[in-house]
Enquirer: 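Okay, here's the structure, questions in a sec.
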There are 2 protein chains.
Amino acid sequence: MGLTKTEEFTKAQNEMAVLAKALGHPARIAILQFLIKTKSCVCGDIVEELPLSQSTVSQHLKELKNAGLIKGDIEGPSVCYCIDEKTWSKAKAQLDKLFDSYKEPGCC
Amino acid sequence: MGLTKTEEFTKAQNEMAVLAKALGHPARIAILQFLIKTKSCVCGDIVEELPLSQSTVSQHLKELKNAGLIKGDIEGPSVCYCIDEKTWSKAKAQLDKLFDSYKEPGCC
DNA sequence: GCTATATATCGTAATATTACGATATAAGGT
DNA sequence: ACCTTATATCGTAATATTACGATATATAGC
């Protein structure tokens, strides 16, 4: 056991879970905020900004990339990361939909 | 190792990460959608709705409760779960803020 | 108090995540 | 080709998550 039963859920549910999971770590929130703030999408400056080692930051960047939230362009010897607009707006839309589907205060 | 360095990040970053992490599993997305759909916030019917065992569902409910997204009222022999309005709108606001802070398409 | 039903918790096993140092890879400059 | 710099990957260790069956707990009804 210990393996998420993805096949048992809908595509939409799995997609949303993947996106939310990628946001489910303070370091990754911090990375995204930093990428948004410094529009120039400075690359390895993230390592200096975060209280984590270079390899750990690289791992978090990889996960954000896997989820599709960011993309990385090679730029000389370094890599330039930035928000992937398409997935970003998709994530926003999906989460908005979930949050907005709750209207009335239920029963308890 | 293997322990998230929560102290190194801001309160807001950690809070958002906790909320997102709670949403980071398809079963928990399914549970929330079900709770919203059946306004009567039927309790253990969730177990019948999901392709998971009773104990596993109970574990997921516990995590959603820990994150504050839902609350459970004892109602006779069973428990009535429903969305916790306060945390729900807080989560919505925090995520909205993150998503909306991205405007221009960066560089790459 | 006993019984049935509904949830929660415990114990356990498998897999995943987080983190780091060390090492590998890739690109630019000399 | 060599060196430097920037990132990525590997190996490893600790902790967390996911899942289930079995057992405990709690409440209503008898």
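Naming: A, B, ... by sequence-line order, numbering from 1 per chain.
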Enquirer: Under 30°, 30 to 60°, or over 60°: which ring-plane class applies to Tyr102(A) and Trp88(B), parallel, tilted or perpendicular?
Expert: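 Rings of Tyr102(A) and Trp88(B): perpendicular, as their planes differ by over 60°.
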Enquirer: Any heavy-atom pair between the side chains of Ile29(A) and Thr10(B) that's under 4.5 Å?
Expert: no
Enquirer: Would you mind reading off the distance between Glu7(A) atom CD and dT18(D) atom P, rounded to a whole angstrom?
Expert: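 Checked: the CD to P distance equals 15 Å.
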Enquirer: Round to a whole Å and report the spacing from CG of Leu52(B) to P of dT18(D).
Expert: 11 Å
Enquirer: Quick check on contacts: within residues 9-21 of chain B, what sits under 4.0 Å from DNA chain C by heavy-atom distance?
Expert: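 Correct list: empty, so none.
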Enquirer: Would you say dA19(D) has OP1 or OP2 under 4.0 Å from some side-chain N or O of His25(B)?
Expert: yes
Enquirer: Can you run down the salt bridge (Lys or Arg N to Asp or Glu O under 4.0 Å) pairs that involve residues 79-91 of chain A, sequence neighbours left out, and say none if there aren't any?
Expert: Glu15(A)-Lys90(A)
Enquirer: Please give me the minimum heavy-atom distance between Pro26(B) and Thr4(A), naming the atom from each residue.
Expert: CG-CG2, 4.0 Å
Enquirer: I need the CD-C1' distance between Glu75(B) and dT5(C), as an integer number of Å.
Expert: 15 Å
Enquirer: Atom NZ of Lys5(B) and atom P of dA16(D): how far apart are they, to the nearest Å?
Expert: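 The answer, rounded to whole Å, is 15 Å.
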Enquirer: Return the set of residues passing side chain to side chain contact (heavy atoms under 4.5 Å, CB included) with Pro51(B) (not counting sequence neighbours), or none when no residue passes.
Expert: Glu8(A), Phe9(A)
Enquirer: Where the side chain of Thr38(A) meets the backbone of Phe34(A), is there a donor-acceptor pair that is under 3.5 Å apart?
Expert: yes
Enquirer: At under 4.0 Å between heavy atoms, how does the protein contact nucleotides 3-9 of chain D? Give one character per nucleotide, 5' to 3', with B, S or -.
Expert: ---SBBB
Enquirer: Measure the distance from CD1 on Ile70(B) to P on dT7(C) and round it to the nearest whole Å.
Expert: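 The answer, rounded to whole Å, is 12 Å.
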Enquirer: Rounding to a whole Å, what distance do you find between Glu8(B):CD and dA19(C):C1'?
Expert: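 The answer, rounded to whole Å, is 12 Å.
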Enquirer: In whole angstrom, what separates Leu3(B)'s CG from dT17(D)'s P?
Expert: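 Atom-to-atom, Leu3(B) to dT17(D), this comes out as 10 Å.
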Enquirer: Verify whether one side chain among Ser55(A) and Ser53(A) offers a donor that lies under 3.5 Å from an acceptor in the other.
Expert: yes
Enquirer: In this structure, how many angstroms lie between the C1' atom of dA19(C) and the NE2 atom of His60(A), rounded?
Expert: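 Whole-Å distance recorded here is 8 Å.
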Enquirer: Test of understanding: with salt bridge (charged side-chain N to carboxylate O under 4.0 Å, His left out), list the residues that count as partners of Asp45(A), not counting sequence neighbours.
Expert: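 For Asp45(A) there are no salt bridge (charged side-chain N to carboxylate O under 4.0 Å, His left out) partners, ignoring immediate neighbours.
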Enquirer: By the salt bridge (Lys or Arg N to Asp or Glu O under 4.0 Å) test, which pairs, at least two apart or in different chains, include something from residues 58-67 of chain B?
Expert: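 Found Arg28(B)-Glu63(B).
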Enquirer: Using heavy atoms to find the nearest nucleotide of DNA chain C for Ile74(A) and Pro51(A) separately, return the residue whose nucleotide is more 5′.
Expert: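 Per heavy-atom nearest nucleotide, the more 5' residue is Pro51(A).
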